[in-house]
Number of protein chains: 2
Amino acid sequence: MKTQLKKGALELCVLAVLARGDSYAYDIVNQLSRSMAISEGTVYPLMRRLQDEAWVTTYLVESSAGPSRKYYQLTPAGHAALAAMQREWREFVSEIDSVLVPGSVAMEHQQ
Amino acid sequence: MKTQLKKGALELCVLAVLARGDSYAYDIVNQLSRSMAISEGTVYPLMRRLQDEAWVTTYLVESSAGPSRKYYQLTPAGHAALAAMQREWREFVSEIDSVLVPGSVAMEHQQ
DNA sequence: TGCATATACCTTGTATTACAAAGTACATGG
DNA sequence: CCATGTACTTTGTAATACAAGGTATATGCA
């Protein structure tokens with residue numbers, strides 16, 4: 001159930017994380033997993049999609065504690081996409097809320 | 001994009017509509033399409049899923065302006081599911097917002 | 001009668017995507 | 001030299017939104 005809700009929002013979350021600074025997939029997973037259930041198998045294909053959209057560029061940085069890290073950096077198009085998706089997110093929440101609570105904000109009378 | 005966000009939330013919306021009164025699929029589509037883009041091909045399979053979950057029961061009512069309408073009525077389990085999904089919806093929005101606006105809700109130690 | 005239109009239902013096929021699971025590879029300490 | 005932690009990637013499965021098409025009923029109108 002919740003899995004379905006999550007679809008599409010993760011892309012927004014990843015872009016939001018990258019807006020706070022360049023990062024690599026493994027770290028993004030760890031950051032997001034503090035707020036929500038998320039797995040590697042979801043994020044890596046998503047990073048590929050972000051590249052395909054030209055919303056991010058990548059560069060390698062060697063690590064002293066394991067294999068090289070592939071950092072992702074937002075492009076101007078990526079920043080624009082983030083802004084657009086934040087707007088869409090707000091609209092989406094409003095749409096759903098308008099269905100859940102028609103008219104006023106009184107949620108005590110149902111059925 | 002928005003299509004993906006929508007997944008999972010539609011079920012919640014349909015249950016919310018039914019909580020305001022029994023209705024039939026064709027009318028639910030019309031009601032929801034005032035707030036959001038939605039198509040018949042999405043709703044009919046969804047109604048079937050609600051039946052499979054025993055969240056709704058159905059009854060036929062003849063119409064003077066077309067074929068009989070299959071009305072859907074929430075069961076007690078359906079009301080409970082609606083309440084649970086509303087809670088999940090709130091949690092989900094909070095989770096996403098906490099990522100979009102770090103520091104607002106649950107951000108302990110951000111790097 | 002015949003046909004268009006509106007109502008109402010349902011099914012099929014396709015695209016998207018979250019996730020588990022598995023695999024590859026690097027670095028370090030016991 | 002191998003277990004552990006780090007880091008990347010691919011494969012297969014399930015869920016589901018939607019377009020498109022199909023069926024059926026009722027009415028108005030030419």
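Lettering of chains follows the sequences in order, A, B, ..., and the numbering in each one begins at 1.
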Are any protein N/O atoms closer than 3.5 Å to N/O atoms in nucleotides 2-5 of chain C? If there are, list each pair with its distance.
none

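- Residue pairs that meet the ring pair (Phe, Tyr, Trp, His ring centres under 6.0 Å) test with at least one member in residues 68-88 of chain A, sequence neighbours left out, are A/Tyr24-A/Tyr71, A/Tyr59-A/Tyr71.
- Between A/Tyr24 and the phosphate of D/dA7, there is a side-chain N or O to OP1/OP2 separation shorter than 4.0 Å.
- Side-chain atoms of B/Met36 and B/Cys13, non-hydrogen and from C-beta on, do get closer than 4.5 Å to each other.
- Counting only heavy atoms from C-beta outward, the side chains of A/Gln86 and B/Leu100 approach each other to under 4.5 Å.
- Side-chain atoms of B/Glu40 come within donor-acceptor range of the base of C/dC9, with a qualifying N/O pair under 3.5 Å.
- Taking the side chain as every heavy atom from C-beta outward, B/Leu50 and B/Glu11 approach each other to under 4.5 Å.
- In terms of heavy-atom proximity, B/Met47 sits nearest to B/Leu18 at CE-CD1, 4.3 Å.
- Here the P atom of nucleotide D/dA17 and the CZ atom of B/Arg48 are 16 Å apart, to the nearest Å.
- Note: CD (B/Glu11) to C1' (D/dA17) measures 13 Å, nearest angstrom.
- Residues B/Thr42 and A/Tyr26 each lie close to DNA chain D; by heavy-atom proximity, the contact nearer the 5' end of the strand is made by A/Tyr26.
- For A/Arg69 and D/dA7, the CZ to C1' distance is 9 Å, given to the nearest whole Å.
- Taking A/Ala77 as the reference, A/Trp55, A/Thr75 meet the side chain to side chain contact (heavy atoms under 4.5 Å, CB included) condition, with sequence neighbours excluded.
- The phosphate of D/dA17 (OP1 or OP2) has a side-chain N or O of B/Arg49 nearer than 4.0 angstrom.
- For the side chain to side chain donor-acceptor pair (under 3.5 Å) test, no residue two or more places apart in sequence or in another chain qualifies with B/Asn30.
- Side-chain N/O atoms of A/Tyr44 include one lying less than 4.0 angstrom from OP1 or OP2 on D/dC8.
- Residue A/Ser39 has no polar side-chain atom (N or O) positioned under 4.0 Å from OP1 or OP2 of C/dA18.
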Which atom pairs link the protein and nucleotides 23-28 of chain D when you take only N or O atoms and keep those under 3.5 Å?
unit_1 : atom_1 : unit_2  : atom_2 : d
D/dA26 : O3'    : B/Ser64 : O      : 3.3

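- Atom C1' of nucleotide C/dC10 and atom CG of B/Leu60 are separated by 14 Å, given to the nearest angstrom.
- When all heavy atoms of A/Ala16 and A/Leu82 are compared, the closest pair comes out as N-CD1, 3.9 Å.
- Every residue two or more places apart in sequence or in another chain that forms a side chain to side chain donor-acceptor pair (under 3.5 Å) with A/Asp97 is listed here: B/Trp89, B/Arg90.
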